[in-house]
A.B. asks: 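Below is one structure. I have some questions about it.
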Protein chains: 2
Amino acid sequence: MDVPVSVDASAGCRWVSEILNQVGDKWTIQVVVALRDRPRRFNDIKRHVAGISQQMLTRTLKALERDGMVARTVRSSTPPQVEYALTELGLSLSGTVRQLAEWAVAHRTIIRENRQRYDTSRT
Amino acid sequence: MDVPVSVDASAGCRWVSEILNQVGDKWTIQVVVALRDRPRRFNDIKRHVAGISQQMLTRTLKALERDGMVARTVRSSTPPQVEYALTELGLSLSGTVRQLAEWAVAHRTIIRENRQRYDTSRT
DNA sequence: CGGGATCCAGTAGGATACTG
DNA sequence: CAGTATCCTACTGGATCCCG
């Protein structure tokens with residue numbers, strides 16, 4: 001893989017924005033995190049994420065499947081079982097996201113303080 | 001700072017989503033990238049980002065300033081000069097984002113292929 | 001030059017209700 | 001159980017005019 005490492009706006013920025021736009025939507029990460037340990041079925045994910053509607057879960061899973069982040073396996077039986085699992089691509093993303101997650105957790109206090117200071121300073 | 005490093009859904013996920021929601025919006029990253037090399041003034045950033053409206057640039061900069069990612073310096077003169085610079089917090093974020101950027105660039109081809117395959121497979 | 005205020009279109013996302 | 005279809009609301013983002 002001989003990929004240019006530098007991200008100099010022209011080529012990379014649009015893509016980074018696009019990726020982050022998906023990853024940064026309201027649910028994608030939480031779904032990915034829910035799948036990181038093991039494959040899960042639809043309502044299993046729904047229970048794990050908590051707060052997501054079946055509508056949004058469907059959309060999120062479809063987007064992830066489209067990108068090849070998640071593999072969908074249908075087992076025809078009664079009741080039907082559909083299992084979702086992270087692919088290697090999805091797993092590698094989750095690893096990268098984890099770093100951002102740790103950054104977010106590590107700096108949440110400072111950010112919270114900054115916001116409060118900013119908000120109160122302009123009453 | 002005794003912050004738990006693990007991100008096990010309950011505490012971290014909401015924050016990660018919130019951070020990524022801002023970082024992943026349409027312009028934040030590009031603005032941060034524009035400021036990574038050196039401080040810039042409003043229209044300088046606007047020229048550098050290309051495509052952004054002054055409205056969205058204002059909002060983006062305000063959000064970044066609120067979080068303490070960007071410092072705003074006003075130099076009262078004619079014409080007035082306002083300079084924006086990344087703080088250390090903003091710089092550290094840009095470092096973390098850079099990794100995600102590299103991931104995005106490195107996997108863009110695969111993702112593009114996955115999407116095409118998915119889209120054509122369900123014509 | 002560096003914005004603020006306003007108006008407006010498009011989309012993300014929530015709440016059901018219905019289906020195989 | 002695992003979705004699809006529909007409707008509705010809120011926010012995002014663009015354009016434009018105005019102001020210090």
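Reminder, nothing fancy here: chain letters follow the sequence lines and each chain counts from 1.
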A.B. asks: At under 4.0 Å, does any side-chain N or O of Lys26(A) touch on OP1 or OP2 of dC11(D)?
C.D. replies: no
A.B. asks: For nucleotides 17-19 of chain D, give me every protein contact, N/O to N/O, under 3.5 Å, one pair per line with atom names.
C.D. replies:
none

A.B. asks: Whole-Å distance between dG3(D) P and Ile52(A) CD1?
C.D. replies: 13 Å
A.B. asks: To the nearest Å, give me how far apart CG (Leu20(B)) and C1' (dA12(C)) are.
C.D. replies: 17 Å
A.B. asks: Between Glu18(A) and Arg115(B), does any NZ, NE, NH1 or NH2 come within less than 4.0 Å of an OD or OE carboxylate oxygen?
C.D. replies: yes
A.B. asks: Determine: side-chain N/O of Arg41(A) to OP1/OP2 of dC1(D), distance under 4.0 Å, yes or no.
C.D. replies: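 So the side-chain polar atoms of Arg41(A) never come under 4.0 Å of the phosphate oxygens OP1 or OP2 of dC1(D).
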A.B. asks: With the side chain of Pro80(B) defined as its heavy atoms from C-beta on, choose the nearest nucleotide among dG20(D), dG13(C), dC1(D).
C.D. replies: dG20(D)
A.B. asks: Distance from Leu93(B) atom CG to Ile111(A) atom CD1, nearest 0.5 Å?
C.D. replies: 7.5 Å
A.B. asks: Once you round to the nearest 0.5 Å, how far does OG of Ser92(A) lie from NE2 of His107(B)?
C.D. replies: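 Interatomic distance, Ser92(A) OG to His107(B) NE2, rounded to 0.5 Å: 4.0 Å.
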A.B. asks: Could you tell me whether Arg66(B) and Glu113(A) have a side-chain N and a carboxylate O separated by less than 4.0 Å?
C.D. replies: no
A.B. asks: Side chain of Asn43(A) only, heavy atoms from C-beta on: which candidate in dG3(C), dG13(C), dC1(D) is closest?
C.D. replies: dC1(D)
A.B. asks: Tell me the interatomic distance from Arg40(B), atom CZ, to dG2(C), atom P, rounded to whole angstroms.
C.D. replies: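 Computing the Arg40(B):CZ to dG2(C):P distance gives 13 Å.
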A.B. asks: State whether Glu83(A) and Arg75(A) are salt-bridged, where the test is any N-O pair (Lys NZ or Arg NE/NH1/NH2 against Asp/Glu carboxylate O) under 4.0 Å.
C.D. replies: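 Salt bridge flag = yes for Arg75(A) with Glu83(A).
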A.B. asks: Does Tyr84(A) make a side-chain N or O approach to OP1 or OP2 of dC1(D) shorter than 4.0 Å?
C.D. replies: no
A.B. asks: Output the rounded distance in Å from CD (Gln30(A)) to C1' (dG13(C)).
C.D. replies: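 From Gln30(A) CD to dG13(C) C1': 14 Å.
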A.B. asks: Given atom CG of Asn21(B) and atom C1' of dT12(D), what is their separation to the nearest angstrom?
C.D. replies: 11 Å
A.B. asks: For the OG atom of Ser121(B) and the CD atom of Gln116(B), what is their distance to the nearest 0.5 Å?
C.D. replies: 12.0 Å
A.B. asks: Could you tell me how far apart Asp44(A) (CG) and dG3(D) (C1') are, to the nearest whole angstrom?
C.D. replies: 16 Å
A.B. asks: Is the backbone N or O of Gly24(B) less than 3.5 Å from a side-chain atom of Thr28(B), with the two atoms forming a donor-acceptor pair by type?
C.D. replies: no
A.B. asks: According to a strict under-4.0 Å criterion, is Lys62(B) in side-chain N/O contact with OP1 or OP2 of dG4(C)?
C.D. replies: yes
A.B. asks: Go through the N and O atoms of the side chain of Arg59(B) and the base of dG13(D), and report whether any donor-acceptor pair is under 3.5 Å.
C.D. replies: yes
A.B. asks: From NZ of Lys46(B) over to C1' of dG14(D), roughly how many Å is that when rounded to an integer?
C.D. replies: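 For the pair Lys46(B) NZ and dG14(D) C1', the rounded distance is 11 Å.
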A.B. asks: Considering heavy-atom distances to DNA chain D, does Gln55(A) or Val82(A) have its closest nucleotide positioned more toward the 5' end?
C.D. replies: Val82(A)
A.B. asks: Would you mind reading off the distance between Asp25(A) atom CG and dA12(C) atom C1', rounded to a whole angstrom?
C.D. replies: 9 Å
A.B. asks: Measure from the side-chain heavy atoms of Thr58(A) and tell me the nearest of dG4(C), dT4(D), dA2(D).
C.D. replies: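 From the listed options, dT4(D) comes nearest.
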A.B. asks: Between dG14(C), dG14(D), dC1(D), which nucleotide has the shortest distance from any of its atoms to the side chain of Pro79(A)?
C.D. replies: dC1(D)
A.B. asks: With sequence neighbours left out, what residues match Arg112(B) under side chain to side chain donor-acceptor pair (under 3.5 Å)?
C.D. replies: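 In terms of side chain to side chain donor-acceptor pair (under 3.5 Å), with neighbours along the sequence ignored, Arg112(B) is linked to no residue.
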